[in-house]
Amino acid sequence: MTAFAGAGPHAAALTDAEFRLIAESIPHVVWMAGPDGSTQYFNRQGLTYAGYPPDGDYDTGWASLIHPDDIDRARTTWNEAIRAQTPYRVDYRVRRFDGEYRWHAIRGLPIRDARGEVVRWIGTATDIEETKSLETDLRTAQRETAEALTMLETLLAKAPVGFAIIDRDFRLVRLNEMLAAMGRSTVAEQVGKTIAETVPELWPHVEPIYRHVLDSGEAVVDIEVTGPASADPSVISTMLTS
């Protein structure tokens, strides 16, 4: 359901009958309120969506359709728009005819007469449930990513063995201090370098393993290779791939 563009400044010249004729032909929720903010009208689309009777009290009836957790915010925003005579913009959940609450973008414009006085409000209610769901999924994914990164940082710092994350070009993306010590340099100096650069003596032994994982997608666990450290050939380094 997409939003009706709203009424322009000349809409005040329309009679109520003319406005309702236009609103009833629009396949989206359209509403009208008086200068004081009291809801006076919903088009057929709005009544059908909410399952509300055409002869009901629009003002109290619409309020009863707002989710209990959203009602105070909806009313506060509406009262402020009326007081300031500025466009009304708020998102809240509305109960559909089947009882499901769905997010809607509620938008309203004050319509003025030739003297600049507000004579009515005209607005729309747009179903944005899918958009809100996507936003929620994105926030959840971001939170889970942040938690995973925190766990990863803890693992890197506390692991009693050398630990690293390597990209598809076999470059070190992350590594801990213990693994950096094997190459006799700091973490910062090794990040971005390839395994071949950091442990050249071990790379011939581990390259086939990594390429097998990259090509096949299969996990390789508990393979041990041993060789001299790059910084000091007299020191033996062991790499366990998993």
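Source: prediction; values computed, not measured.
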Could you check, using the six-membered ring where one of them is a Trp, whether [X] and [Y] have ring centers closer than 6.0 angstrom?
{"X": "Trp78", "Y": "Trp31", "result": "yes"}
{"X": "Phe170", "Y": "Trp203", "result": "yes"}
{"X": "His28", "Y": "Tyr49", "result": "no"}

Does any N or O in the side chain of [X] come within less than 3.5 Å of the main-chain N or O of [Y], such that one atom is a donor and the other an acceptor?
{"X": "Glu197", "Y": "Thr194", "result": "yes"}
{"X": "Arg95", "Y": "Ser64", "result": "yes"}
{"X": "Asn43", "Y": "Ala23", "result": "yes"}
{"X": "Glu129", "Y": "Trp103", "result": "yes"}
{"X": "Asp127", "Y": "His104", "result": "no"}

OG-CE distance between Ser38 and Met32, expressed to the nearest 0.5 angstrom: 9.5 Å
Spacing of Ile122 atom CD1 and Leu109 atom CG [to the nearest 0.5 Å]: 8.5 Å
Ile106-Tyr101 co-clustered via ILVMFWY side chain contacts under 4.5 Å: no
Donor-acceptor pair between Gln40 and Arg120 side chains, under 3.5 angstrom: no
Salt bridge or not between [X] and [Y]? Use side-chain N to carboxylate O under 4.0 Å.
{"X": "Asp91", "Y": "Arg107", "answer": "yes"}
{"X": "Arg115", "Y": "Glu117", "answer": "no"}
{"X": "Arg96", "Y": "Asp98", "answer": "yes"}
{"X": "Arg83", "Y": "Glu80", "answer": "yes"}

Side-chain heavy-atom pair [X], [Y] within 4.5 angstrom cut-off:
{"X": "Asp167", "Y": "Val173", "answer": "yes"}
{"X": "Arg93", "Y": "Ile66", "answer": "no"}
{"X": "Gln45", "Y": "Thr48", "answer": "no"}
{"X": "Trp121", "Y": "Ile82", "answer": "yes"}
{"X": "Phe42", "Y": "Val30", "answer": "no"}
{"X": "Val94", "Y": "Leu65", "answer": "yes"}

Shortest non-hydrogen separation from Gly116 to Arg112 and the atoms involved: O-NH1, 3.1 Å
Closest non-hydrogen atom pair, Tyr92 against Asp70: CB-CB, 3.6 Å
